[in-house]
Structures are given as C-alpha cells and as structure tokens.
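Take a look at the structure below.
Labels below follow one simple rule: chain letters A, B, ... track the order of the sequence lines, proteins then strands, and each chain is numbered from 1. Values in this document were obtained by computation on a predicted structure and should not be read as measured data.
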Amino acid sequence: MESEAPHLLEAREKQERRSGLPDLPNATKGNVVLRFAPNPNGPLSVGHARGLVINSTYRDMYEGELILRFDDTDTSIKPPLLEAYAQIEQETHWLTGKAPERVILASDRMEVYYEYAEQLLHEGFGYVCSCSAETFKEYRIEKQSCPCRSRLPDENLDYWHKMLNGGFQPGDVVVRVKTDMALKNPALRDWPALRIQDTEAHPHPRPEIGSKYKVWPLLDFQSAIEDHLQGVTHIIRGKDLMDSTRKQTILYEHFGWTYPETLYWGRVKIHEWGGFSTSAIRASIEEGRYSSWDDVRLPTISGIKNRGITAEALRLFWLELGITQKDISVPLATLFSHNTKSVDFSAPRLTFVRSPIQFSFSEDIGTLEFPRHPNNKQLGTRSWPMDKKCIYIEKEDAEKNSKMRLKECADIEISNTTIHFLESRHGDEKLPIIHWLPEDVSQNCTLQYSKDDEIHTIDGMVERHNFSAGTIVQLERIGYAKVVDESTLFLSYED
RNA sequence: GCUCGUGUGGUGUAGCCAGGUCCAUCAUUGCGGGUUUUCAUCCCGUCGACCCGGGUUCGAAUCCCGGCACGAGCACCA
C-alpha cells in the first residue's frame, strides 16, 4: 500500500490560504515566456493594464521573458494608429517598471505567416474557399462541407498565388483551416485563417507596410504561428478567446507542436466607466467629446496617469482581482484606495483655499515654521512669513464658525474682516480646525476635477510652491492632487 | 439554437481539484470609535456571504445529480 497509494497513508496538509497570484501550471524558473499582444488601434486602456500587470508579474516571479507583440493585422475595421506603437511601449515600461524583453510587430512578419499558410495548403490541411461569408455560415450550421473543401492542393496553391498577386477583392476568397464540419462546437468548423484586405483604400498606417500586402492573416492564425515561433510557454487571455485556443490547438496538432498552457480571465467592468473598448474611445475622441487619449475622464492608461494615479496603484488593483473567470464589476473607489496607500507617505502637503475670503490679523505673529508632511520628516519644513498680516480662509469655514483654530497656528475669532486671537491661543478648547493661507505665500490657482464625465474647476489660492508638473501632492482637508502647472492643480479623486 | 464558461457578504477575493482544523480568509465600502493642530494618513471595533433543490457521508462551500441565473463564442475584428 505504501508504494501504491502513499497519499492514503499521509494526512495531506491543508493548503495555506493563498496570497498573490497562483502558481503557473508546468512552469519552472527561467523557462517561462509570456506575451502581451494588443492591437495598436489606440494607446492602452485600463483593461489592457490587466494583461500587462498579470503577465509581467509572472515574468518576474519566474524570471522569464515578456514579449510585447503588436497584433496589427487589421487595416480596415480596427486599423492601427501609428502613434500608438511608441506610446504603448512607453506605457508598458511605465506600468511594469521595465521594458519588455522582446517587441514584435505582426506586420513585419507577413512573409513568415505566408510560409505556414502555404505549407497548410500544400499538405491539404487548408483550402482556399470562395464562398461568401453568408453562404459558408449556412454550411457551417448544417455541418455540410462547402464545394471548395475538396479542392486539391495544387488547385489551392494556384488560388493562393492569385490571392498574393492581387487577383481577388476582399470577400472573394479566404484561406480556411480544414478541421471537421461535424465538430460539436460550430465556431471551430473550418475556421478562416487568412483573408484579403483592400490596402489601397485602407493602407496599413506604417509607411513601410502601406499597401504592400493584400493577403492578411486573421488573429487565430497569426497568433498561433507567432506564439510557437517565439517559444511562448503560457498564454493568459480573456475567456472570450477560449474558442480561439481550441481552433489553434487543432492547428498545433497538425504541425506537431505543443500548445502553450493557457489561463483565462473573465470580463471586468468599472462601475463608473463600463467597458474599455479602444474603438469606442477612439471614436469619442474623433467626435471631439474628449480632447485626447490622455483626457482624465477616459479609461486609458494615459488618462488615469494624468489624473495622478500611480503605476503601483494600478498594479495592486489588478493583482488583487487576480485571474478568475468570473465577470466582475468593480468600483473606482477600489483603485483609489490603492492609490492613497501608494501615494500618501511621499505626497507633500500643500494648502489650497477654495473660494477664499480675506481677513487681517489684529496683531503681528512673525514667521511660522512647520513640517511639509506630518509623518515624513524627510520632506522638510515650510516657512510662512506674515509681513502683510493678511490671510485667506475658505468662505464655507468663515460662514460656518466664528471661533476656530487655524491649523498649525492659533485659536481665533473672526469679526467683520478682522481676526482676533483667543486666550486659548495654544489649543485648550476643542475648536474646528481649518486650513488657511497668508497672503505673502499665496498665488491664484485653479483646481480641476472630473465628475460625471465633465471637468469642473474651482478657483482659489494655493500656497506658493515649486513642485514640478506631475508631482502628487495632498491638498490639506481636500485630497490628493497632481500639479499640472504653476497655477493649476488636478484633484485625483474625491474622498 | 448550438458550443463553452461562471455562480462565496454592498463590491472584489481566498478556500473547492486531494470533504472535517471554515459558526468561512483578506481587502474595500458603509457605520461607530481612537491617534492626529488636515474632513488626510494610521489604528481599533462593527454590520455583512457559500445561487436553488436533492443525493453521498458520521461530516459538504468543497464530491455527485438536477434545476436556475448570468456571461462569452459561433466575424473575411483583435
């Protein structure tokens, strides 16, 4: 018994509660190759960030490699955007902390795909089909072979060459992988591998490609070939691509290759945004609804970055959701809570007074010196001279109270436009604490924030500073914000 | 319609494969409190869940059967 069923003799130890990502099946350190393959029809969305975060984390866990592959093989429906290539590379670096080990452009690899397509036809495992999409659909539903299926390899090769030489228009013909028309899953029956695109009317945006090719591979074919050629060991993709895996596995079996281990995740929506369709975002920008891809209202990586969200927050966010196949909908508040943790300790405190009202001190108090951050002494101190004896406080505070405590200063009482110091000057009484600003260190500033898909602004006075654009600060009693320029701040989110 | 997949608190998530240690983990949100000269951070407390119905078993969130619900694919998009 000991040799035949040792597990019966030993009480198996209960699995520890897991934290972080689960192990990758069949993976060993140093032998893992992953890929992230977006269509560059626009810069990356927050949804793409999931692919990047999960794949790059596994890359790091297994000391493997991450390939960034541009699947830019559609020039008419979701055509690539030339600027997106470089931007996606930058965003990848920003989010994952380093450059991908390899970068591949599918549009550079056309000859390779052709080679395998030709082999497919030559070996009788594929055929050129001249049925219309609708006609073939009927055959597929009826589990019937279409007439083109019985073409001989030589005949197919003739068609193939005619395809390559521009002898067909889009829709005329398509190369199919010969599977089995009786397959249970209708999606797998003789699936299309390459088609014709009108690259005169819709040239590829890369000038070196342009109208050079008429025949283009479809995702299932291109991706299958490339994954094998690059030695990809693990694919992590959306579960909407499950049938894609099955189609590709049939192709792999024909070529005698081993299909990578594949994991899937479900659909994610963000309450405030819904999905992350790149095409929809692109359309809304082109319509002029948004200024550009990095508009703070957009669910793009550049938009969220622009808002003052850190790469770390985005990473923690996606890591926490993991790779379950459930379809989920998450509120933005979850991302923001990660951002607060990511940012708080290093965010210098800055005073911003909304709707400022001016008051004068009844007496001199000299220069005030106090820390830039209550817990992080490394951020140094700030010093407020008060030669003018004139300060700003928020309108709302002035209206709500007559006695209050000026933060880091003293207890006061206001009357008309004058501030008198109270006996309890050093804080014996419990008074509302408000933030305030001496005129000596003030300057006009606009605080922007996004709400309900609109950008709103609040005018006020900000403490004079020289933090560079992009610095994340905390506006005391208001929230975290990003410095846009000398006189503009952007509030990342409301608390 | 066919095919595939998923169902744990308000929202996510762990546990499920190898049934007990699970009156179910962690986070977030809400509520309450503490620290703090910020309505921030941090800390503490609290509310709150195994889709339904059978079955197997001494014992089921975990295994089996049957429902139901939701999602995706069936594109000459990726």
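- Summarising the geometry, the separation between CZ on A/R246 and P on B/C2 is reported as 17 Å, rounded to the nearest angstrom.
- Between the CD atom of A/E369 and the C1' atom of B/U37 there is a distance of 17 Å, rounded to whole Å.
- A heavy atom lying under 4.0 Å from RNA chain B marks the following residues of residues 319-326 of chain A, by number: A/E320, A/L321, A/T324, A/Q325, A/K326.
- Using a 4.5 Å cut-off on side-chain heavy atoms (C-beta onward), A/T340 and A/Y493 make contact.
- Under the salt bridge (Lys or Arg N to Asp or Glu O under 4.0 Å) criterion, A/E261 pairs with no residue, sequence neighbours left out.
- Heavy-atom neighbours of A/R267 CZ from other residues, nucleotides or ligands within 6.0 Å: at or below the threshold of 12.
- Considering only the side chain of A/P186, B/G73 comes nearest among B/C39, B/U11, B/G73.
- An OP1 or OP2 oxygen of B/C77 is reached within less than 4.0 angstrom by a side-chain nitrogen or oxygen of A/R195.
- Between the base of B/U38 and the side chain of A/Q474 there is a donor-acceptor pair shorter than 3.5 Å.
- Between A/H465 and A/F467, the ring planes are parallel. Angles under 30° get that label, and only those over 60° would be called perpendicular.
- Distances shown here put every side-chain N or O of A/K341 at or beyond 4.0 Å from the OP1 or OP2 atom of B/A27.
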Quiz prompt | Candidate pair A/D344 and A/R349, rule salt bridge (charged side-chain N to carboxylate O under 4.0 Å, His left out), full reasoning | solution = CA-CA 9 Å; A/D344 182 75; A/R349 269 44 178 171; 2.8 Å; yes

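- Distance CE (A/M181) to P (B/U3): 16 Å, rounded to an integer number of Å.
- No side-chain N or O of A/E91 forms a donor-acceptor pair with one of A/H48 less than 3.5 Å apart.
- Considering only side-chain atoms of A/Y480, the nucleotide from B/U37, B/A40, B/C4 that sits closest is B/A40.
- A/T340 comes within 4.0 angstrom of the backbone, heavy atoms only, and of no base.
- Within 4.0 Å (heavy atoms only), A/G266 reaches no atom of the nucleic acid at all.
- Checked against B/U41, B/U3, B/C39, the side chain of A/R477 finds its nearest nucleotide in B/C39.
- Across all strands shown, A/T73 has heavy atoms under 4.0 Å from sugar-phosphate atoms exclusively, and none from any base.
- Salt-bridge formation is detected for the pair A/R372/A/E463: a Lys NZ or Arg NE/NH1/NH2 atom is positioned less than 4.0 Å from an Asp or Glu carboxylate oxygen.
- The interatomic distance linking A/I77 (CD1) with B/C76 (P) rounds to 9 Å, in whole Å.
- Which of B/C4, B/A78, B/U11 sits closest to the side chain of A/M242 comes down to B/C4.
- Remark: RNA chain B forms stems of 3 or more consecutive Watson-Crick or G-U wobble pairs, all pair distances under 3.5 Å, at B:1-7 with B:68-74, B:10-12 with B:26-28, B:30-34 with B:42-46, B:51-55 with B:63-67.
- Taking the side chain of A/N39 as heavy atoms from C-beta on, and the options B/C39, B/A40, B/A78, the nearest nucleotide is B/A78.
- Looking at the side chain of A/I433, the nearest of the listed nucleotides B/C77, B/U38, B/C74 is B/U38.
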Quiz item: When every nucleotide of nucleotides 67-72 of chain B is labelled 5' to 3' by its protein contacts under 4.0 Å (heavy atoms), B for base, S for sugar-phosphate only, - for none, what sequence of letters results?
Solution: ----SS

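- At a threshold of 4.0 angstrom between heavy atoms, the contacts of A/K184 are confined to the sugar-phosphate backbone, with no base atom among them.
- When ring centroids are compared, A/F370 and A/W384 come within the 6.0 Å threshold.
- Comparing B/U28, B/A78, B/U38 by their closest approach to the side chain of A/S337 singles out B/U28.
- A/I478 comes within contact range of no nucleotide atom at all, as no heavy-atom separation falls under 4.0 Å.
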What's touching nucleotides 34-36 of chain B from the protein side, N or O pairs under 3.5 Å?
none

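- Looking at residues two or more places apart in sequence or on another chain, you find no side-chain hydrogen bond (donor to acceptor under 3.5 Å, both in side chains) involving A/S442.
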